[in-house]
Amino acid sequence: LAQGFETFVELPWDRTRRDWTPATEVNRVFLRWLARNRSQRFVAYLHYMEPHDPYTPPAAWRPSPPPALAPDLVAGWVRDLANRVNWHGADLLPPPAVDYLRALYDGEIRAWDAALHTLLAGLAAAGVRDSTVVVVTADHGEEFQEHGRLTHGSQLYDESIHVPLVFAGPGIAAAERADVAQGIDLFPTLAALLGLEVPPGLPGRDLLATRVDTPAISETARGIAPG
């Protein structure tokens, strides 16, 4: 991930909390960098870990757990159970437990929404929001036993592969699209938008110049299947 960047900051997994660095800290590190470099043309890649397991939203968005739920699941730590369910045929969770985990995940979405507002406000305060292209996307969704599994990486249903993709900024007209896009489309789209040369033979397409569905490939942790 660091390839090609002049500055690369890796915020570590917190072993004590058993959790990722929160979006508030990602914003703080980036906006501190931006304050020193706002006169320069820049590209920044901010990798947020909300929403993602473990599901640990702020207390204001944390629901009450159902009775008799295992402590790890109450805390939002679902990875160990997901491995047993997904790969070893463990019993599925009852609906109240699934509803609780989904509510925790929704709380993380709300927390990230608030962090996005802070980021955009920070761009505005630095005087660069109107001249900055902002792209929001994700690498996967999350499963809550819709097809018998938890978390992500083991199946190719819509709950895992249908993710957000938003481009906003100068030169981009407001519109909503329904054609199929892939992660490999980001580079050619941004390169064309910024007037950069795209290497010949590069996979992917310029999404702002084309509206035709093309074959898509999605990959699980245990193989490749057509999407």
Side-chain angles (χ1 to χ4, degrees), residues 1-2 10-26 45-116 136-165 180-184 186 215-227:
L1 293 177
E10 184 174 4
L11 301 176
W13 167 265
D14 188 323
R15 293 181 179 273
T16 302
R17 294 170 49 246
R18 289 210 308 174
D19 205 355
W20 307 100
T21 300
T24 52
E25 178 65 9
V26 175
Y45 170 74
L46 307 183
H47 192 129
Y48 297 102
M49 291 303 291
E50 301 99 338
H52 198 284
D53 69 279
Y55 310 139
T56 54
W61 294 319
R62 177 176 284 274
S64 298
L69 191 64
D72 272 2
L73 294 182
V74 170
W77 183 266
V78 69
R79 173 57 52 190
D80 294 336
L81 175 64
N83 288 340
R84 295 195 299 271
V85 169
N86 295 354
W87 308 119
H88 303 292
D91 291 340
L92 298 181
L93 288 172
V98 175
D99 291 343
Y100 173 73
L101 292 178
R102 188 189 296 275
L104 288 179
Y105 186 76
D106 289 346
E108 288 214 324
I109 294 173
R110 295 186 65 181
W112 182 83
D113 284 347
L116 177 61
V136 176
T137 191
D139 57 339
H140 59 77
E142 201 77 339
E143 299 184 54
F144 291 94
Q145 293 186 178
E146 296 91 341
H147 294 91
R149 295 188 181 181
L150 294 164
T151 62
H152 54 271
S154 66
Q155 300 189 116
L156 297 176
Y157 293 103
D158 268 0
E159 54 264 29
S160 292
I161 65 174
H162 188 190
V163 299
L165 177 58
V180 174
Q182 302 183 83
I184 57 174
L186 288 173
I217 298 296
S218 294
E219 182 178 359
T220 71
R222 293 194 175 186
I224 299 176

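Looking only at distances, no side-chain donor or acceptor of Ser160 sits under 3.5 Å from a matching main-chain atom of Glu142. With hydrogens and angles disregarded, a donor-acceptor distance shorter than 3.5 Å links the side chain of Glu108 to the backbone of Thr56. Using a distance-only test at 3.5 Å, with no hydrogens or angles considered, a donor-acceptor pair links the side chain of Glu50 to the main chain of Ala23. Within the 3.5 Å criterion, the main-chain N or O of Pro12 finds a donor-acceptor partner in the side chain of Thr21.
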>> Set out, in order, the CA-CA distance, both residues' side-chain angles and the distance that settles side chain to side chain contact (heavy atoms under 4.5 Å, CB included) for His140 and His52, then state yes or no.
In response: CA-CA 10 Å; His140 59 77; His52 198 284; 3.6 Å; yes
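We find the CG-CD1 distance between Leu156 and Ile217 to be 10.0 Å, quoted to the nearest 0.5 Å. Between Trp13 atom CH2 and Arg15 atom CZ the span is 9.5 Å, to the nearest 0.5 Å. Taking CH2 from Trp61 and CD1 from Ile109, the interatomic distance works out to 11.5 Å, rounded to the nearest 0.5 Å. The distance from the CG atom of Asn86 to the CD atom of Glu143 is 7.0 Å, given to the nearest 0.5 Å.
For Thr151 and Asp53, the side-chain atoms include no donor-acceptor pair closer than 3.5 Å.
Heavy atoms only, all atoms of each residue included: Gly148 and Val85 are closest at O-CG1, 3.7 Å. Nearest heavy-atom pair across Pro164 and Thr137 is O-OG1, 2.9 Å. Between Gln182 and Pro215 the shortest heavy-atom distance is NE2-O, 3.3 Å. Taking every heavy atom of both residues into account, Gly141 and Tyr105 meet most closely at C-OH, 4.3 Å.
Residues passing the side-chain contact (heavy atoms from CB on, under 4.5 Å) test with His147 are Gln155, Tyr157, Glu159, sequence neighbours excluded. In terms of the salt bridge (Lys or Arg N to Asp or Glu O under 4.0 Å) criterion, Arg84 has no residue partners (sequence neighbours excluded).
With a 4.5 Å cut-off on side-chain heavy atoms, Arg149 and Trp87 count as touching.
Dense packing is recorded around CG of Asp139, with more than 12 heavy atoms of other residues, nucleotides or ligands lying under 6.0 Å away.
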Could you give the side-chain donor-acceptor pairs of residues 93-104 under 3.5 Å, partners two or more places apart or in another chain?
residue, atom, partner, partner atom, Å
Tyr100, OH, Val74, O, 2.6
Arg102, NH2, Glu146, OE2, 3.4

